[in-house]
Amino acid sequence: MTTVVPTSEEDPALAVVRFTSELAWADAGPEVAERQVSTLCMEAQECIVMNKWLELASLMLTSADLIFPKVSDKDLECIFTVICNLVTKSESPDEELEMAKLISAKITHQPNEKPALRLKIVFNLYNLLGNPYSRFHVYMNALNLALNGKATEHIVPSFRKIDSFLKEWGIGISDQRDLFLTISNVLKENKSSGKESFKFLTKYLATFSDEDAHTMSEAKEEAVRTIVEFVKAPDMFQCDLLDMPAVGQLEKDAKYASVYQLLKIFLTQRLDAYLEFQAANSTSLKSYGLLHEDCIAKMRLMSLVDLASDESGQIPYALIRDTLRINDDEVELWVVKAISAKLIDCKMDQMNQVVIVSRCTERVFGQHQWQTLKTKLATWRGNIASVISTIQANRITEDGSQAMQGLMIR
């Protein structure tokens, strides 16, 4: 037989059990309610005395969940503060994790009901946790709550700290994938930044490298989504998707090979290649929500960048006209568009009908681009060394001349 040692009625956990159970059973009538409340309080006392914090949390959450619509936000926050504080009493990281899972799951299972308040409670729980993996688990629950409850604006600011969170949590590849993909979905729902959503999608794809074909296939849908988002984005002109194994697997895929081909055209070819592709795949493009006019506009800028990457540094107006398939009076307009998008730095020589390029953005930045940069830096270093040597030689000559003049004066 279990011996129950009475605890003070002032114990916060016991006070919460009594308060929530009274509200939860209020409609059952005084006799039933009193019996149930008494039973729950006795069970809570036993848990407190026996240090059964996980069981106590489960007991408290049952009643608290039932009264969620019945009390004020302030009271709910107080109730859940007491419940969340139980994690600080856990005697092991495993117990803390189990309590964190239990509490966060209960808080987030009805995301459409007071989502902002639920998020606040989840973050209060997060801040009470000492185990890094427990924190990660609760943060993931917060992400899903924000996404499902359409309250993404409350969690997006935390993404600025993701790098430091990752160092703190020390999570494995599988958890990183879940994190990056969920963050990307939150950003997409929030519509705050297409580039940020794309960035986390590429982080997700980058976690796939040496996996077997079955594991790699998990990334196919997201690889397609990433390509489509890149092609759609009017302000993104550079990416390293072609170097990613998760994207490369699409090249020979019966269903998605055309999507890979489209990416390759946008990153390595010119407008004529796109027009040829579109003629054969117009239905496929529409199915992905890609508008032909938008694709042409972006490919014209991409093609102009490709022309600007020529080592001669000069592009004849006529070549721009023919490559972009535009009229003579539109050439300078598209050059200005490329300058505005910060794709090229150049001057337009109207007299000689050429564009003189001083810098252009690379559409892809792989091994070849790194090698080119290395060569340019080596050349720059050699030039600087030559200038320094010339200055030093001139200084020695000048010092010698001044010394001779001094001797002549004496």
Side-chain angles (χ1 to χ4, degrees), residues 7-45 47-48 52-90 96 98-129 134-135 137-158 186 189-190:
T7 60
S8 169
E9 284 283 302
E10 297 299 319
D11 187 288
L14 189 57
V16 165
V17 171
R18 184 175 299 280
F19 176 74
T20 56
S21 59
E22 284 176 350
L23 276 177
W25 288 94
D27 296 335
E31 292 184 5
V32 176
E34 185 176 347
R35 185 169 62 253
Q36 292 294 334
V37 171
S38 178
T39 300
L40 289 170
C41 287
M42 288 292 288
E43 290 178 9
Q45 283 182 327
C47 289
I48 293 170
K52 295 180 179 180
W53 307 116
L54 182 59
E55 291 183 23
L56 179 60
S58 179
L59 175 69
M60 296 173 73
L61 286 166
T62 301
S63 296
D65 189 51
L66 293 172
I67 67 161
F68 212 96
K70 299 180 179 180
V71 298
S72 68
D73 289 1
K74 185 176 180 180
D75 286 341
L76 281 172
E77 190 173 349
C78 290
I79 289 167
F80 278 97
T81 296
V82 174
I83 296 173
C84 291
N85 195 61
L86 293 177
V87 299
T88 64
K89 301 178 182 295
S90 59
E96 183 192 84
E98 289 305 311
M99 292 176 69
K101 287 181 177 180
L102 178 68
I103 297 171
S104 59
K106 183 63 75 173
I107 296 169
T108 60
H109 84 291
Q110 290 185 334
N112 294 318
E113 184 181 0
K114 300 182 178 181
L117 175 62
R118 290 179 185 270
L119 274 172
K120 185 176 182 180
I121 293 169
V122 170
F123 280 120
N124 287 340
L125 172 62
Y126 180 95
N127 291 327
L128 289 167
L129 295 168
S134 297
R135 286 190 156 203
H137 183 86
V138 169
Y139 188 80
M140 285 299 297
N141 275 355
L143 286 176
N144 287 306
L145 170 60
L147 186 61
N148 297 326
K150 301 191 181 303
T152 54
E153 68 276 8
H154 297 291
I155 202 165
V156 166
S158 70
V186 168
E189 173 69 26
N190 185 254

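Just so you know, residue 1 is the first one in the sequence shown, and it goes up from there. Atoms considered below: every heavy atom in the structure, side chains included; atoms not considered: hydrogens, waters and symmetry mates.
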More than 12 heavy atoms of other groups within 6.0 Å of [X] [atom1]:
| X | atom1 | value |
| --- | --- | --- |
| E34 | CD | no |
| K150 | NZ | no |
| W25 | CH2 | no |

Does the side chain of [X] reach to within under 4.5 Å of the side chain of [Y], using non-hydrogen atoms?
| X | Y | value |
| --- | --- | --- |
| V122 | L145 | yes |
| S104 | H137 | yes |
| L54 | L102 | yes |
| L117 | I121 | yes |
| F123 | V138 | no |
| N124 | F80 | no |

Task: Six-ring centre of F68, R118 cation under 6.0 angstrom, axis tolerance 45° - done: yes
When rounded to the nearest 0.5 angstrom, what is the spacing between [atom1] in [X] and [atom2] in [Y]?
| X | Y | atom1 | atom2 | value |
| --- | --- | --- | --- | --- |
| I67 | E22 | CD1 | CD | 10.5 Å |
| N127 | R135 | CG | CZ | 6.0 Å |
| M99 | L56 | CE | CG | 7.5 Å |
| K52 | I48 | NZ | CD1 | 13.0 Å |
| L61 | I103 | CG | CD1 | 6.0 Å |
| I83 | L59 | CD1 | CG | 9.5 Å |

Donor-acceptor check, side chain of [X] to backbone of [Y], threshold 3.5 angstrom: yes or no?
| X | Y | value |
| --- | --- | --- |
| T62 | S58 | yes |
| H109 | K106 | yes |
| N148 | N144 | yes |

Which atom names give the shortest non-hydrogen contact between [X] and [Y], and what distance separates them?
| X | Y | result |
| --- | --- | --- |
| V71 | K114 | O-NZ, 3.5 Å |
| L125 | C84 | CB-SG, 3.8 Å |
| L128 | T88 | O-CG2, 3.9 Å |
| P115 | G149 | CG-O, 3.7 Å |
| N141 | A105 | ND2-N, 3.8 Å |
| M60 | V17 | CG-CG2, 3.5 Å |

TODO: Step by step, work out the side chain to side chain donor-acceptor pair (under 3.5 Å) result for E189 and T152.
DONE: CA-CA 7 Å; E189 173 69 26; T152 54; 6.0 Å; no
Task: Residues S158 and Y139: side-chain donor-acceptor under 3.5 angstrom - done: yes
